[in-house]
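Because only heavy atoms are used, hydrogens play no part in the values below, and waters and symmetry mates are left out as well, while side chains stay in. Just so you know, ligand 1 is whichever comes first in the structure, and atom 1 is the first atom listed for that ligand.
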Amino acid sequence: VSVPSAVVETCDAVVVGSRCAGSAAAIALARNGRRVVALDRAKFPSDTLSTHLLFPAGVSELARLGVLERITQLDPPRYREIILAAGGVEVRERMTAVDGIDYGVCVPRPELDHALVSTARGFGVDVRERCSVEEVVWEAGRAAGVRYRDADGQTRTLRAKLVIGADGRRSSVAEMVGANTPYRGSRNERGLAFKYMDDPKVGTEWREIVVQYREGATHGMCFPCPDGRMLVLFMGPAEEIKEFRAGEDKWDRMVAQNPLLARRIEGAANATKLRSTPDTAAYFRASSGPGWALAGDAGHFKDPVIAQGIRDALRFGRLLGEAAAPVLDDPAKLDAALLAAEQRRDRECQATYHWGNRESRALPSSPLVIEALRVFGRTNEPDLMDTFNRVRVPERVIHPLIGARALVRALRRPGADRMALLREAYEETLMDIDVRRERLRGTFRDCRPALSERPDWTWPPAAARKARPVPAETPAAGPAPDAAAVAAVA
Ligand SMILES: Cc1cc2nc3c(=O)[nH]c(=O)nc-3n(C[C@H](O)[C@H](O)[C@H](O)COP(=O)(O)OP(=O)(O)OC[C@H]3O[C@@H](n4cnc5c(N)ncnc54)[C@H](O)[C@@H]3O)c2cc1C
């Protein structure tokens, strides 16, 4: 039963959540002449649990949205190279420019999200903070607005032609439109534990380099941030997050076990408290229906080990807004545009999603991986970087020829465990074939888990320990997705 609402307003589109995806969608709609209200529970500047590494492809999305000028005012270090090291092999690569931008940045979320919200306001978006959406309003089977509680605790109703849920992984809009249960997903094996510190390398070339040092099953990383700070991050087995949370011991041991990282951050002071999470399952939800759409993490999430979420939330939020703006007044055309935007997101994210699932395996770098890195490490041309930068899909960079060369080299090494190498190469090849076959067949929504996916994932992730595993075949309930839409996507 709906709470009677004292205040009813109308607008063209209401966006729930106003960080990456929400601001991007709202900006695109407003720039195209639409009246947009964006509601967020948060009061900005506001933090959220996320690291925030952006490659040139992500920075170019900030530029397209008109946010880059505000980011530039923060004077963030512009990194132009990445160093990735494992098993004594170092790969150092530059970045391919995207839209003329050849650098990445790592701006903490309070500043990044505040810049997004301020830019949205500059384009005329009515951003309302400390407003919590409690209900989607329906009319003749279509989403027709939302009911929310404002900063003073008053219940208000906003009627709109389009409701966009850009409200993150635990999206309440997804739940209200019946799309809460992802139609496919994969359990993460890695967790994240990170801190900010003063960077002892201020004034050196290290401020322009992002590092990922792999030791055992854990990646140790360091990203330079504005104001002489840096973000230091461990991504290792998710089960180890409770050890990080138990005390400083674990952090200190992980630094000591990673000599390259220890040298990079030696002398760092002024560390913040630890931030951590073991829950980063990847998924796709049905993301469009009559009068509604899900943007950013609300609709799709990839493992953070590949640092793609912000870029994708910005890009597909913007594309969604651009697709919807011209057809908002025609419900049939609007729903078709929302579905097309969803299909485009899925097409563009599919390969990267599988790559993220594979990178989330918490395994020590195998001799095969180390030999592949040796092949990439011969030049500083952007190869691996192009996958992070979305210039080339992962399988065009880490292709069978590289795999074959790495295998031959690994087999030739004295003392090589040939059976283990051949088994690994065989299993990786099967995964490659599976991903390619899925793309060629266009069967992404058929819900058959691919070999890259660990089907024993749970939803919601926070309830993982209590919850029954959700089989990946479980269809989304309620109004999403309708059969014709699924057929069209498949
Ligand atoms: C630990 C971790 C590390 C990550 N590291 C990286 C990285 O290095 N690089 C990268 O690109 N990506 C990274 N990501 C992914 C990235 O954080 C997300 O993809 C990105 O934040 C998605 O933005 P969004 O706008 O969809 O959602 P969010 O940033 O989650 O924003 C959702 C907003 O919705 C609001 N909201 C929720 N419910 C309601 C409601 N009912 N009413 C009103 N408002 C509501 C919330 O207050 C919030 O402000 C990481 C993610 C995690 C978890």
Decide if atom CD of E9 counts as having more than 12 heavy atoms of other residues, nucleotides or ligands within a radius under 6.0 Å.
yes
Step through the shown structure and confirm whether more than 12 heavy atoms of other residues, nucleotides or ligands are within 6.0 Å of CZ on R439.
yes
Under a 4.0 Å heavy-atom limit, does V16 contact ligand 1 with its side chain, its backbone, both, or neither?
side chain
Ligand 1 atoms in contact with R169 (distance to a heavy atom under 4.0 Å)
53 (C)
A21, any N or O under 3.5 Å of ligand 1 N or O
yes
Is there a nitrogen or oxygen of S18 sitting under 3.5 Å from a nitrogen or oxygen of ligand 1?
no
Using heavy atoms and a threshold below 4.0 Å, how should the contact between C20 and ligand 1 be classified: side chain, backbone, both, or neither?
both
Ion pair R147/E134, N-O distance below 4.0 Å:
no
Are more than 12 heavy atoms, taken from residues, nucleotides or ligands other than R361, located less than 6.0 Å from that residue's CZ atom?
yes
Distance to 0.1 Å, residue and atom name: give those for the protein heavy atom nearest to atom 6 (C) of ligand 1.
T51 O, 3.2 Å
For S132, the atoms of ligand 1 under 4.0 Å from one of its heavy atoms are 42 (N)
On the six-membered ring of F301, is R169 placed so that its NZ or CZ lies under 6.0 angstrom from the centre and within 45° of the ring axis?
yes
Exceeds 12 heavy-atom contacts within 6.0 angstrom, atom CD of Q257
yes
Those atoms of ligand 1 less than 4.0 Å from some heavy atom in A166:
32 (C), 33 (C), 34 (O)
heavy-atom search around atom 52 (C) of ligand 1 in the protein gives L49 O, 3.8 Å
Enumerate donor-acceptor pairs with a distance under 3.5 Å from any side-chain N or O in residues 384-394 to protein atoms, sequence neighbours excluded.
from : atom 1 : to   : atom 2 : distance (Å)
D386 : OD1    : T96  : OG1    : 2.6
D386 : OD2    : R392 : NE     : 3.1
D386 : OD2    : R392 : NH2    : 3.1
T387 : OG1    : L384 : O      : 2.5
N389 : OD1    : A57  : N      : 2.8
N389 : ND2    : T96  : O      : 2.8
R390 : NE     : T352 : OG1    : 3.3
R390 : NH1    : Q308 : OE1    : 2.9
R390 : NH1    : D312 : OD1    : 3.1
R390 : NH1    : D312 : OD2    : 3.0
R390 : NH2    : D312 : OD1    : 3.4
R390 : NH2    : D312 : OD2    : 3.3
R390 : NH2    : E348 : O      : 3.4
R392 : NH2    : P382 : O      : 3.0
R392 : NH2    : D383 : OD1    : 3.0

For ligand 1 and G309, I'd like to know whether there is a polar contact (N/O to N/O, distance under 3.5 Å).
yes
Within 45° cone of F316 ring axis and under 6.0 Å: R318 NZ or CZ:
no
Could K250 and F244 be counted as a cation-pi pair, given that NZ or CZ must be under 6.0 Å from the ring centre and within 45° of the axis?
yes
Kindly list each side-chain donor-acceptor pair under 3.5 angstrom involving residues 216-230, sequence neighbours excluded, with atom names and distances?
from : atom 1 : to   : atom 2 : distance (Å)
R229 : NH1    : D198 : OD1    : 2.7
R229 : NH1    : N270 : O      : 3.0
R229 : NH2    : N270 : O      : 3.2

P304 to ligand 1: N or O pair under 3.5 Å?
no
How far is atom 44 (N) of ligand 1 from its nearest protein heavy atom, and which residue and atom name does that atom have?
R41 N, 3.2 Å
I want to confirm something. Looking only at heavy atoms, which of D312, D167, L294 is nearest to atom 37 (C) of ligand 1?
D167
Could you tell me whether H52 and ligand 1 have an N or O pair separated by under 3.5 Å?
yes
Looking at ligand 1, is there an atom of it that comes within less than 4.0 Å of some heavy atom belonging to C131?
yes
Distance to 0.1 Å, residue and atom name: give those for the protein heavy atom nearest to atom 47 (O) of ligand 1.
D40 OD1, 2.7 Å
Just wondering, do L294 and R285 contact through their side chains at under 4.5 Å, heavy atoms?
yes
Nearest protein heavy atom to atom 26 (O) of ligand 1, by residue and atom, and its distance?
D297 N, 2.9 Å
Using a 4.0 Å heavy-atom threshold (strictly under), name the region of I310 that reaches ligand 1: side chain, backbone, both or neither.
both
Check: T48 N/O within less than 3.5 Å of ligand 1 N/O
no
Counting heavy atoms under 4.0 Å, the part of R170 that contacts ligand 1 is neither
Is the shortest heavy-atom distance from the side chain of Y79 to the side chain of I209 under 4.5 Å?
no
At under 4.0 Å between heavy atoms, which part of S50 makes contact with ligand 1: side chain, backbone, both or neither?
both
Ligand 1 contact by R109, heavy-atom criterion under 4.0 angstrom
yes
For atom 30 (O) of ligand 1, the protein heavy atom that lies nearest, with its residue and separation:
G168 CA, 3.6 Å
Given ring pair (Phe, Tyr, Trp, His ring centres under 6.0 Å), test F55 with Y103 step by step and report yes or no.
CA-CA 7 Å; F55 300 99; Y103 62 89; over 10 Å; no
Taking it one step at a time, do H354 and F284 satisfy ring pair (Phe, Tyr, Trp, His ring centres under 6.0 Å)?
CA-CA 12 Å; H354 289 300; F284 282 84; 8.4 Å; no
So, regarding V133 and ligand 1 (criterion: nitrogen or oxygen to nitrogen or oxygen, under 3.5 Å), is there a contact or not?
yes
Just to confirm my output: which protein heavy-atom neighbour is closest to atom 31 (O) of ligand 1, and how far is it?
R19 CD, 3.4 Å
If you define the side chain from C-beta out and look only at heavy atoms, does anything of H300 sit under 4.5 Å from R345?
yes
Do other residues, nucleotides or ligands put more than 12 heavy atoms under 6.0 Å from E175 CD?
no
Give me the residue, atom name and distance of the protein heavy atom closest to atom 9 (N) of ligand 1.
L53 O, 3.1 Å
Could you check, using the six-membered ring where one of them is a Trp, whether W457 and Y283 have ring centers closer than 6.0 angstrom?
no
Of all the atoms in ligand 1, which lie at a distance below 4.0 Å from a heavy atom belonging to T277?
1 (C)
Would you say R275 touches ligand 1, if touching means a heavy atom closer than 4.0 Å?
no
Any idea which atoms of ligand 1 are less than 4.0 Å away from a heavy-atom of G296?
26 (O)
